[in-house]
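Structure first, commentary second.
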2 protein chains.
Amino acid sequence: MNDTNYHDSIVDPCMGPLNKGLGAFETPLATSAVKDLHWNLLREDVSLPTAVLYEERLQHNLEWMQQFVAEYGVKLAPHGKTTMAPKLFARQLAGGAWGITLATAHQTRVAYTHGVRRVIMANQLVGKQNMAMISTLLADPTFEFCCLVDSPDGVDLLGAFFQSRNQKLHVLLELGAEGGRTGVRNAAQQTAVLDAIARWKDHIVLAGIELYEGVLKEEADIRAFLQRAVRCAQDLALAGNFAERVTQRPVILTGAGSAWYDVVAEEFSKADIGLPLDIILRPGCYLTHDVGVYRASQAQIQTRNPVARKMRTSLLPALQLWAYVQSVPESDKAIIALGKRDAAFDAGLPLPATYYRPGSDAPVATPAHWELTGMMDQHAYMHIAEGDDIKVGDMIAFDISHPCLTFDKWRQIAVVTPTFDVIDVVQTFF
Amino acid sequence: MNDTNYHDSIVDPCMGPLNKGLGAFETPLATSAVKDLHWNLLREDVSLPTAVLYEERLQHNLEWMQQFVAEYGVKLAPHGKTTMAPKLFARQLAGGAWGITLATAHQTRVAYTHGVRRVIMANQLVGKQNMAMISTLLADPTFEFCCLVDSPDGVDLLGAFFQSRNQKLHVLLELGAEGGRTGVRNAAQQTAVLDAIARWKDHIVLAGIELYEGVLKEEADIRAFLQRAVRCAQDLALAGNFAERVTQRPVILTGAGSAWYDVVAEEFSKADIGLPLDIILRPGCYLTHDVGVYRASQAQIQTRNPVARKMRTSLLPALQLWAYVQSVPESDKAIIALGKRDAAFDAGLPLPATYYRPGSDAPVATPAHWELTGMMDQHAYMHIAEGDDIKVGDMIAFDISHPCLTFDKWRQIAVVTPTFDVIDVVQTFF
């Protein structure tokens, strides 16, 4: 464990008996005690529907990404908003991550409370109570934090607040693409932000440059955007805008969601701004991966990126949903007890992967024609064919697309071995 | 409080300081203590984004629906899956509801633990651990429970399980529509289910008839489906299938989601099966209502239903999301700090309703052309027009469409007065 970015004093969290998708227990129980309960998914010890994390695949993905960034000599601050699971944050940090990226003040507070001591909040910090939350954490001198700014209004609100607390806030200038999301589009907007930072120079410290390339779709556009960020960092280094930052810590240059992190690594790893520089990638979905949007983007990475090709392995889907067949009311339709309450549905519906009839030997692959055709809050419609061997009470494992919106459906997620023994439980904080 | 369906011994629940959308506090706090903290939304005492319930509107809706069912002489078992908020279940029961409807064994356990003693689980009960959960609750003789059956396989699994526990399970025969969701489609399927129940007659008790009409779209089809259910109840009453049930409690005839409950009330309230009969409606979304799918369906109810027309008032939207303007990067685009993590997005995106600049007098209506055009996990894109008075740090209240998938984004929801004082916090259990 890297002791500069993690404070390992967290008590073992408790699982609550009223959360869905677990086995039977009556009072709150330390998650470390779950393995002593000897729950097994195939023995139906767990209430379905449930979400499960596959331990070996998680560990594979964790190591894969750490090796990837090491090859480029860049650092990793995995986006924690994907899982919001502090136990996974701790593993990412223990595995070599530089810090954790988060999206909101609330998420930052959750991470801090669970020991995380280095955070990039990849958003402008807005709102009195949100600023107060961060201010409270900054009272700890071991807590390294920076957030984004993209507007003079935002900087002025931050400057006034942190002046009132007599604190210094480190910020990253966010670059944005026309037609994209947040971030300055042009030189005039950028100058206005820098001028605002200068107005609050005793309380706002420019710490680096940030972008999120995932709003663009074409590799050439993304490379141009990344090169703009490198030039911007070089220009501001020359102009002295990082003068205070470098007295304390390296300047930060950061980008990368889960789809283009290889291109960001290629472009940013070449950057030289003449000052100490931390180049930080922020993918989040690599840890569980999926069989939808991120499998597609990872396949492109495996094709275009020489480092990924050289590694020979790739990321593995490590999160599945298990659910019962609830009804087989028509010869070509089964109803599954799995709904929008349980799984992401915005980037493709869950995909049937394996099925298991309680009491049988082992799960087997589902027929290729089994497919979800719709989901309601608590049910899914699955296309089957007449004569398929499928019955009420059969268990089906579904692969997912979009881990972020699957994690936030579960307060506690079982971690299982390849033989479906539950060996741990991960809590989420959404 | 109706003491036959609620066991009022629940301790005041605690709010956790790590949940999003609340004000500042350091250690778990009883929800009843929140009013002493004097949080006010407009004073920015609460971390945005947040979801808020409007107390007066909630109470109005609660009373409206209770009055509606009273006019028809039918009973109400609100679908609790919508909110999964036991504090709201308690208010619904105190307001006159007969019981609570739930979708899963897990949800039933949550409700029972919080005092609910009469539950319709509007699904077939499937899976060993789920059956075990219900079996444990049935050890309490004051707990009235029934679930659905629609297949001999389901009945056989239930029969074997509850025989092994030496218990009796009350079930409702679920009728289904061709092309719909669960439920028997035809006489052959129905007979097979009844034969299965007969095989397990010491452990499975037929308690009534259930349908969910919301899978159909046309009023005529819905009325025909409802009439089929009444005829089925009459036939089974004549045939003696409810003989054991009526020695204990009335037979149950139940239907109605949130869009067609008036038509169900009209059709079912005429039913006479020659046995004591509880006619039970199960709408869930009426409590908070919305400005999307349910406003549209309620408008039709206000038009077509004489009782609703006579009541003069209608349901009111009682749930909103509040969020900050995060960035105004282009003259026609604002980015809002509100995402798919915070709001339903499957039945229309949230709609800007009012906005408030901190320090100003009061919220005002948003311009009609402000509109969300897309949402990501933690951000929304809002269309604005050049020259609009909108700044980073402004607060915007959004109406929602589809309360179910909004509630499940929040573990604790503030209840506010018309002047935005936080007077209570409602916990959810998803």
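Chain letters run A, B, ... following the sequence lines, proteins first and then strands; every chain starts at 1. The structure presented is a predicted model; accordingly, all values stated were derived computationally and were not measured.
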Between [X] and chain B, which part of the residue has a heavy atom less than 4.5 Å away: side chain, backbone, both or neither?
X         : value
Pro17(A)  : both
Phe430(A) : both
Val46(A)  : backbone
Asn19(A)  : both
Ala111(A) : neither
Ile335(A) : side chain
Thr50(A)  : neither

Relative to chain A, which segment of [X] carries a heavy atom at a distance below 4.5 Å: side chain, backbone, both, or neither?
X         : result
Val215(B) : side chain
Met131(B) : neither
Asn123(B) : both
Asp45(B)  : both
Leu157(B) : side chain
Val184(B) : neither
Lys81(B)  : both
Ser151(B) : side chain
Arg185(B) : side chain

Keeping [X] on the side-chain end and [Y] on the backbone end, is there a donor-acceptor pair under 3.5 Å?
X         : Y         : value
Thr101(B) : Arg282(B) : no
Thr428(B) : Met84(B)  : no
Lys128(A) : Arg43(B)  : yes
Thr373(B) : His383(B) : no
Ser401(A) : Val293(A) : yes
Glu330(B) : Gly179(A) : yes
Gln427(A) : Met15(A)  : no

Against chain B, work out which of [options] has the most heavy-atom pairs shorter than 4.5 Å and name it.
options                                  : result
Cys404(A), Ala337(A), Gly154(A)          : Cys404(A)
Lys340(A), Arg181(A), His379(A)          : Arg181(A)
Gln378(A), Arg411(A), Gln189(A)          : Arg411(A)
Leu22(A), Thr136(A), Asn130(A), Leu48(A) : Asn130(A)

### Query
Between Phe345(A) and Phe345(B), does the ring centroid distance fall short of 6.0 Å?
yes
### Query
In chain order, what residues pass the salt bridge (Lys or Arg N to Asp or Glu O under 4.0 Å) check against Arg165(A), with sequence neighbours excluded?
none
### His106(B): partners by side-chain contact (heavy atoms from CB on, under 4.5 Å), with sequence neighbours left out
Lys20(A), Thr104(B), Val110(B)
Name the option with the most non-hydrogen atom pairs under 4.5 Å to chain A; the candidates are [options].
options                                    : answer
Gln124(B), Lys391(B), Gln326(B)            : Gln326(B)
Met376(B), Met395(B), Met133(B)            : Met376(B)
Asp153(B), Asp377(B), Asp346(B)            : Asp377(B)
Gly393(B), Ala105(B), Gly176(B), Gly180(B) : Gly180(B)

### Option passing side-chain contact (heavy atoms from CB on, under 4.5 Å) with Phe429(B) (candidates His114(B), Gln107(B), Arg109(B))
His114(B)
#### Entry: Side chain proximity check, Val325(A) to Ile336(A), heavy atoms < 4.5 angstrom
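Yes; the side chains approach each other to less than 4.5 Å.
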### Task
Check whether any side-chain heavy atom of Leu125(B) lies under 4.5 Å from a side-chain heavy atom of Leu158(B), and answer yes or no.
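A side-chain contact exists here, since the closest heavy-atom pair is under 4.5 Å.
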### Task
May I have the step-by-step check of side-chain hydrogen bond (donor to acceptor under 3.5 Å, both in side chains) for Ser327(B) and Asp150(A), ending in yes or no?
CA-CA 7 Å; Ser327(B) 177; Asp150(A) 80 345; 2.5 Å; yes
